[in-house]
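On a predicted model such as this, the values are computed, not experimentally measured, just so you know.
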Amino acid sequence: MTKYAMLINLDTCVGCNACMAACAMENQTPVWNPEKYRTYVYDEEIEIGDKFLRQFFPKLCNHCDNPPCVSVCPTGATWKEANGIVRVNPDICMGCQACAMACPYDARYPADSNDIDKGLGYYGKDFLKRTVPSIDKCDFCYDRLQQGLEPACVETCVAHSRIFGDLDNPNDLITKVVATGKAQGLLTELGTGPNIYYIHKLPEDLV
């Protein structure tokens, strides 16, 4: 079997936002709206004693083992592939946003009619990918995977902070790193089983 996952090294992320730009270009996300991204890099300031540290924190859909978004979708527009990728079918999505409310990672956004109209002006009718309003989210660049390519955000990362691979492949780097226990998911206590992993040093190790 195949189980896709992503590892993000917070210690090497430089906050260049190349991942956001690459994702926007590949998936035609509404670049005119700063709240509508499939992946977003948060810029946080951490105070430790009398020192301040800057931390960049990329977030995206976690492609959970137990995705709450799937169970609440009334039309079946959100589903989970056998390879672990959680996807959305825009043709049957009714835009109720139940999935967005159920997602503990705030990883979904509505692409509305206004976004479709603006997208037509940006990309032209011959290249426009999004033609109907729906909820949108990261799908690990599913079309690229079918071509044997990595997700756009991984390929473009200048600091090589993102690693993508198959957790069911013991030879994949991501599998080896996750096996050490040093990579952690977000909100694992919720039982969602996130498949986005992070590596970072403890604050006391950074000063």
Spacing of [X] atom [atom1] and [Y] atom [atom2] [to the nearest 0.5 Å]:
X: C69; Y: H63; atom1: SG; atom2: NE2; answer: 9.5 Å
X: R108; Y: T78; atom1: CZ; atom2: OG1; answer: 3.5 Å
X: N9; Y: K182; atom1: CG; atom2: NZ; answer: 11.5 Å
X: C73; Y: M94; atom1: SG; atom2: CE; answer: 9.0 Å
X: D126; Y: L120; atom1: CG; atom2: CG; answer: 10.0 Å
X: Y197; Y: I8; atom1: OH; atom2: CD1; answer: 12.5 Å

(message) For D106, is the CG atom crowded, meaning more than 12 foreign heavy atoms sit under 6.0 Å from it?
(response) no
(request) Verify the neighbour count for atom CD of E35: are there more than 12 heavy atoms of other residues, nucleotides or ligands below 6.0 Å? (result) no
Shortest non-hydrogen contact from [X] toward [Y]:
X: A98; Y: V72; result: O-CG2, 3.6 Å
X: C99; Y: I135; result: SG-CG2, 3.8 Å
X: T175; Y: P170; result: CG2-CA, 4.0 Å
X: C13; Y: S161; result: N-OG, 3.1 Å
X: P151; Y: L145; result: CD-CD2, 4.1 Å
X: C93; Y: T75; result: CA-OG1, 4.4 Å

Side chain to side chain, [X] and [Y], heavy atoms closer than 4.5 Å:
X: D43; Y: F56; value: yes
X: P58; Y: M20; value: no
X: C153; Y: M6; value: yes
X: L186; Y: I196; value: no
X: C19; Y: C157; value: no

(message) My understanding is that only residues two or more places apart in sequence, or in another chain, count here; which of them pass side-chain hydrogen bond (donor to acceptor under 3.5 Å, both in side chains) with T188?
(response) none
(message) For Q184, give me all partners under side-chain contact (heavy atoms from CB on, under 4.5 Å), at least two apart in sequence or on another chain.
(response) none
(message) I'd like to check the side-chain contact (heavy atoms from CB on, under 4.5 Å) partners of D166; sequence neighbours left out, ordered by chain and number.
(response) T2, K3, D168, N169, D172
With sequence neighbours left out, write down each residue that passes salt bridge (charged side-chain N to carboxylate O under 4.0 Å, His left out) with [X], or none if nothing qualifies.
X: K176; value: none
X: E150; value: none
X: R38; value: D136, D139

(message) Under a 3.5 Å cutoff, is there a donor and acceptor pairing between the side chains of Y105 and T192?
(response) yes
Output all residues satisfying ring pair (Phe, Tyr, Trp, His ring centres under 6.0 Å) with [X], sequence neighbours left out; order by chain, then residue number.
X: F127; answer: none
X: Y142; answer: none
X: Y123; answer: none

(request) Considering only NZ, NE, NH1 and NH2 on the basic side and carboxylate oxygens on the acidic side, decide whether K36 and D115 come within less than 4.0 Å. (result) yes
Answer with yes or no whether the hydrophobic clustering places [X] together with [Y]; edges join I, L, V, M, F, W, Y residues whose side-chain heavy atoms lie under 4.5 Å apart.
X: F57; Y: I199; value: no
X: Y42; Y: V14; value: no
X: L187; Y: Y40; value: yes
X: W32; Y: L128; value: yes

Taking the side chain from [X] and the backbone from [Y], do they hold a donor-acceptor pair closer than 3.5 Å?
X: N17; Y: V41; result: no
X: N33; Y: V31; result: no
X: Q28; Y: K129; result: yes

(request) Please list all pairs passing the salt bridge (charged side-chain N to carboxylate O under 4.0 Å, His left out) test where one or both residues lie in residues 152-164, with sequence neighbours left out. (result) R144-E155
In residues 80-90, what donor-acceptor pairs under 3.5 Å come from side-chain atoms, sequence neighbours left out?
residue, atom, partner, partner atom, Å
K80, NZ, C64, O, 2.6
K80, NZ, G84, O, 2.8
E81, OE2, W79, NE1, 3.4
E81, OE2, R87, NH1, 2.8
N83, OD1, I85, N, 3.1
N89, OD1, D91, N, 3.0

(request) Provide the full list of ring-ring contact (aromatic ring centres under 6.0 Å, His included) pairs with a residue in residues 154-180, sequence neighbours left out, each pair given once. (result) Y4-F164, F140-F164
